[in-house]
Amino acid sequence: VLTDHLSAWLFAPTEAARVNLLREGRPAASIRLVGDVLYDATRFAADRPVTNLLAELGLEPGQYILATIHRAENAEHPERMSRILEALQVVAHDMPIVWPVHPRLRPIAPGVRLLDPVGYFDMQTLEKHARLICTDSGGVQKEAFFHRVPCVTLRDETEWEELIKIGWNRLAPMESAATIATAIRAALEEPRPAEPSQALYGGGDAGRRIVEILAGT
């Protein structure tokens, strides 16, 4: 919020973000709805040659779950991490789970295949071909949607409420391992949501639009 009030230009990724800025009292003339630069990056990655990571790992497209967990609210909370690990262990009986492990933690998760951290393009490959993504990341939630892969967010809330509303994302109740596992299994079993009726995050040209606006000032 402080940065918003110090900025001359505010480039909003979504209509909801634009409305929030207006609620903060920012002048409408300083706000431009341009779309999300993360969508730009995801489209750029999708146009690059596919990596060989799936073959190297022996993974079949659509036949594994990708997990990413790193937020302090989980990683630095032993009880929450214990619930998540137990839930992943349970779900791993249904479908293989791969987890590129953040350097801040190297847990013991029986049944879960732990990977070393992977680069950006390899991560995009893992996301694109997953059957489901389980994450506590803010960015990965959106990348999952860009790749049209259902997502379960391992948190009590999310920044991207629009993805919850249209059914591409769901929050996993963190009360117990059972509630987390139930949310993951439900996401696996339900049909994929319908395509949204409008572009939620722009057309993948946010960076160009921002440059054009700044160049014209």
Side-chain angles (χ1 to χ4, degrees), residues 1-4 12-14 16-17 19-21 23-24 36-39 41-42 64-92 94-95 97-120 122-124 126-127 130-147 149-188 200-201:
V1 173
L2 176 61
T3 304
D4 293 344
T14 64
V19 171
N20 285 337
L21 289 168
R23 288 173 177 167
E24 289 179 15
D36 197 318
V37 292
L38 187 61
Y39 187 29
T42 303
Y64 64 91
I65 297 171
L66 173 65
T68 76
I69 304 160
H70 70 277
R71 290 181 84 89
E73 65 194 72
N74 288 328
E76 296 178 4
H77 194 302
E79 186 175 349
R80 288 174 70 99
M81 277 302 302
S82 178
R83 295 171 192 164
I84 292 171
L85 293 176
E86 184 178 344
L88 293 180
Q89 183 180 354
V90 169
V91 177
D94 304 336
M95 181 171 287
I97 298 177
V98 295
W99 179 3
V101 182
H102 195 278
R104 74 188 302 163
L105 73 164
R106 188 81 186 182
I108 298 174
V112 178
R113 185 171 180 181
L114 303 181
L115 308 179
D116 289 331
V118 298
Y120 178 73
D122 281 338
M123 187 64 182
Q124 294 297 313
L126 287 173
E127 291 174 3
R131 171 65 182 84
L132 178 72
I133 293 175
C134 300
T135 186
D136 61 7
S137 165
V140 172
Q141 294 174 53
K142 288 193 294 182
E143 290 174 343
F145 171 68
F146 298 153
H147 292 303
V149 175
C151 181
V152 175
T153 296
L154 303 172
R155 290 168 55 191
D156 299 314
E157 60 184 9
T158 176
E159 303 87 347
W160 313 111
E161 296 180 356
E162 59 272 11
L163 296 180
I164 300 289
K165 292 177 181 177
I166 65 173
W168 279 95
N169 192 4
R170 69 176 65 206
L171 295 174
M174 303 298 288
E175 290 89 357
S176 68
T179 59
I180 299 170
T182 296
I184 297 173
R185 281 176 161 166
L188 281 174
L200 295 179
Y201 299 101

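Scope of the values below: all heavy atoms of this structure, side chains included, with no hydrogens, waters or symmetry mates. Note that the structure is predicted; figures quoted are calculated from it, not measured.
- For E79, the salt bridge (charged side-chain N to carboxylate O under 4.0 Å, His left out) partners two or more places apart in sequence, or in a different chain, are R83.
- Every residue two or more places apart in sequence or in another chain was checked for a side chain to side chain donor-acceptor pair (under 3.5 Å) with S137, and none qualifies.
- With sequence neighbours excluded, no residue forms a side-chain contact (heavy atoms from CB on, under 4.5 Å) with T182.
- For E24, there are no side chain to side chain donor-acceptor pair (under 3.5 Å) partners, not counting sequence neighbours.
- Under the 4.5 Å side-chain criterion, counting only non-hydrogen atoms from C-beta, L88 is in contact with I84.
- Under the rule for a salt bridge (charged side-chain N to carboxylate O under 4.0 Å, His left out), the partners of D156 that lie at least two apart in sequence or sit in another chain are R80.
- Residues satisfying the salt bridge (charged side-chain N to carboxylate O under 4.0 Å, His left out) criterion with R170, sequence neighbours excluded, are E190.
- The one candidate from T153, T158, N169 that meets the side-chain contact (heavy atoms from CB on, under 4.5 Å) condition with L163 is N169.
- Listed by first and then second residue, the salt bridge (charged side-chain N to carboxylate O under 4.0 Å, His left out) pairs that reach into residues 133-146 are D36-K142, sequence neighbours excluded.
- When side chains are defined from C-beta on, R71 does not count as touching L154, because their heavy atoms never get closer than 4.5 Å.
- With sequence neighbours left out, T135 forms a side chain to side chain donor-acceptor pair (under 3.5 Å) with T68.
- With sequence neighbours excluded, the residues that form a side chain to side chain donor-acceptor pair (under 3.5 Å) with E159 are R155.
- Distance CG/L171 to CD/Q141: 8.0 Å, rounded to 0.5 Å.
- When the side-chain contact (heavy atoms from CB on, under 4.5 Å) test is applied to P117, the partners found at least two apart in sequence or on another chain are P103.
- Here the straight-line distance linking atom OH of Y64 with atom CE of M95 works out to 11.0 Å at 0.5 Å rounding.
- Looking at residues two or more places apart in sequence or on another chain, you find a ring-ring contact (aromatic ring centres under 6.0 Å, His included) between F146 and Y39, Y201.
- Taking the side-chain contact (heavy atoms from CB on, under 4.5 Å) definition, one finds that A181 meets it with A87, V90, V91, sequence neighbours left out.
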